[in-house]
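Accompanying notes for the structure given below.
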Amino acid sequence: MKPIDLDVVPPITTGWWIIGHAGVILVIRGAKRLRVRGRHHLPRNGPTLVVSNHVSEFDPPAVGLAISPRKAYYMTKEELFAIPVVGRVIWRLGAFAVERGGADRRALRHAREVLRRGDVLLMFPEGTRNPEGIMRPGLPGAGSLALEPGVAVIPVAIWGSQRRWGPIRVVFGPRLDLTDLVEGGGPRSRRAQEAVERMMAAVAALLPAAGGPAQPPPGGRDEAAAPPEVVDG
């Protein structure tokens, strides 16, 4: 069998996507009882960065299923790709490797390519799972990607995926307005940090609507004191 080429963006073919989602639907929609709100906030096309909190290993397939019919790409820890069957399956379903513990230039290059092609990139800016739901500050890599021209940044909160039988609740919020950071001057690193702080504040504001704990936004921002209105759809 041909080895996985981790230096290229994974190909999501129609056949693999249908087969993969058939299995995901049984687990996520069936056993774990997925419910989705605010789906209308997702653009139907164009480069889209979806940013979420992270409470379980089921989060990528659950949020990915909530994003469908659009196909979502996402980063996952490099160690999984060393498992022969698992690595190949998740790669063909849109996962690409990230080396944890530092800035991974290959992973960021893949992420930018996904967005430049007009696809959906799903990110968990905290970088690690937190089943208790008390959010950590986001890593600046997600903020840097949000500064790419034309990218729609959509916050999402997930809760219940850490429980055996769910229910899983996924809540999408309105698109974040980062125009001042995208078009503004100053060091890119500073603008990226500001962008990721706004993202995490928006996600924290949505979390109670998904059933998670109310909390101040990571980093101490206060924009999320009043959560955005979320309607079904």
Side-chain angles (χ1 to χ4, degrees), residues 9-10 12 17 36-54 59-75 93-96 98 107-127 135 138-158 169-184 188-207 209-210 217-219 221 223-224 226-233:
V9 175
I12 304 181
W17 191 78
V36 181
R37 297 174 61 192
R39 197 197 305 268
H40 62 283
H41 292 303
L42 280 168
R44 294 185 178 181
N45 49 57
T48 305
L49 176 61
V50 176
V51 291
S52 175
N53 63 309
H54 198 8
D59 294 346
V63 180
L65 189 59
I67 289 170
S68 65
R70 295 194 69 182
K71 300 177 178 67
Y73 294 80
Y74 61 97
M75 300 180 187
L93 292 177
F96 55 93
V98 60
L108 288 174
R109 184 175 69 248
H110 287 355
R112 287 192 173 93
E113 183 177 342
V114 167
L115 293 173
R116 287 169 184 167
R117 292 188 324 201
D119 291 324
V120 178
L121 177 65
L122 168 61
M123 289 195 73
F124 301 93
E126 292 171 278
M135 293 172 55
L139 301 174
S144 179
L145 293 171
L147 301 180
E148 296 293 314
V151 173
V153 179
I154 306 297
V156 59
I158 184 169
R169 299 290 183 262
V170 174
V171 179
F172 293 95
R175 176 176 178 170
L176 297 183
D177 184 2
L178 302 177
T179 306
D180 60 315
L181 300 178
V182 174
E183 299 179 354
R188 185 180 179 91
S189 59
R190 180 190 59 77
R191 291 183 288 130
Q193 182 62 42
E194 173 72 14
V196 78
E197 288 181 5
R198 293 189 195 179
M199 290 178 193
M200 302 312 288
V203 173
L206 290 169
L207 193 54
R221 301 186 63 86
E223 291 92 328
E229 180 180 359
V230 178
V231 296
D232 293 335

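Not measured: the values here are computed from a predicted model.
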Side chain to side chain contact (heavy atoms under 4.5 Å, CB included) involving [X] - partner list, sequence neighbours excluded:
| X | value |
| --- | --- |
| Pro47 | Leu115, Val151 |
| Leu65 | His21, Val24, Ile25, Ile28, Arg29, Leu34, Ser68 |
| Ala192 | Ser144, Leu147 |
| Ala142 | Met123, Pro125, Val196, Met199 |

task = Could I get the full list of salt bridge (charged side-chain N to carboxylate O under 4.0 Å, His left out) partners for Asp119, not counting sequence neighbours?
result =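 Only Arg117 meet the salt bridge (charged side-chain N to carboxylate O under 4.0 Å, His left out) criterion with Asp119.
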query = Among all residues two or more places apart in sequence or in another chain, which pass the salt bridge (charged side-chain N to carboxylate O under 4.0 Å, His left out) test with Arg112?
reply =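 Salt bridge (charged side-chain N to carboxylate O under 4.0 Å, His left out) check on Arg112 returns Glu148.
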Work out which heavy atom in [X] is nearest to a heavy atom in [Y]; give both atom names and the distance.
| X | Y | answer |
| --- | --- | --- |
| Pro218 | Met135 | CG-CB, 3.7 Å |
| Ile67 | Ala72 | CD1-CB, 4.0 Å |
| Asp59 | Asn53 | OD2-O, 4.1 Å |
| Ile158 | Ala62 | CD1-CB, 3.9 Å |
| Ala107 | Met75 | O-CE, 3.8 Å |
| Ala146 | Ala195 | CB-CB, 4.5 Å |

Return a table of donor-acceptor pairs under 3.5 angstrom between the side chains of residues 175-182 and protein atoms on other chains or two or more places apart.
unit_1	atom_1	unit_2	atom_2	d
Asp177	OD1	Thr179	N	3.1
Asp177	OD1	Thr179	OG1	2.6
Asp180	OD1	Arg198	NH1	3.0
Asp180	OD2	Arg198	NH2	2.7

key: Donor-acceptor pair, side chain of Arg169 and main chain of Ala209, under 3.5 angstrom   =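 Flag not set: sc Arg169 to bb Ala209 has no pair under 3.5 Å.
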key: Under the side-chain hydrogen bond (donor to acceptor under 3.5 Å, both in side chains) test, residues paired with Gln193 that sit two or more places apart   =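 side-chain hydrogen bond (donor to acceptor under 3.5 Å, both in side chains) list for Gln193, sorted by chain: Glu197.
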request  = Mind checking side-chain hydrogen bond (donor to acceptor under 3.5 Å, both in side chains) for Ser52 and listing every partner two or more places apart, or none if nothing turns up?
outcome  =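 Ser52 satisfies side-chain hydrogen bond (donor to acceptor under 3.5 Å, both in side chains) with no other residue.
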key: Gap separating the CD1 atom of Ile12 from the CG atom of Leu93, nearest 0.5 angstrom   =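 With rounding to 0.5 Å, CD1 (Ile12) is 7.5 Å from CG (Leu93).
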key: Inter-residue atom distance Arg39.CZ - Ile154.CD1, 0.5 Å rounding   =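 Rounded to the nearest 0.5 Å, the CZ-CD1 separation comes out at 13.5 Å.
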key: Listed partners of Phe96 passing ring-ring contact (aromatic ring centres under 6.0 Å, His included), at least two apart   =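 Expected list: His110.
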key: Set of ring-ring contact (aromatic ring centres under 6.0 Å, His included) partners for Phe124, sequence neighbours left out   =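 With neighbours one apart ignored, the set is His54.
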inquiry  = Any non-hydrogen side-chain atom of Val50 less than 4.5 Å from a side-chain atom of Phe172?
reply    =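 Contact flag for Val50/Phe172 side chains = yes.
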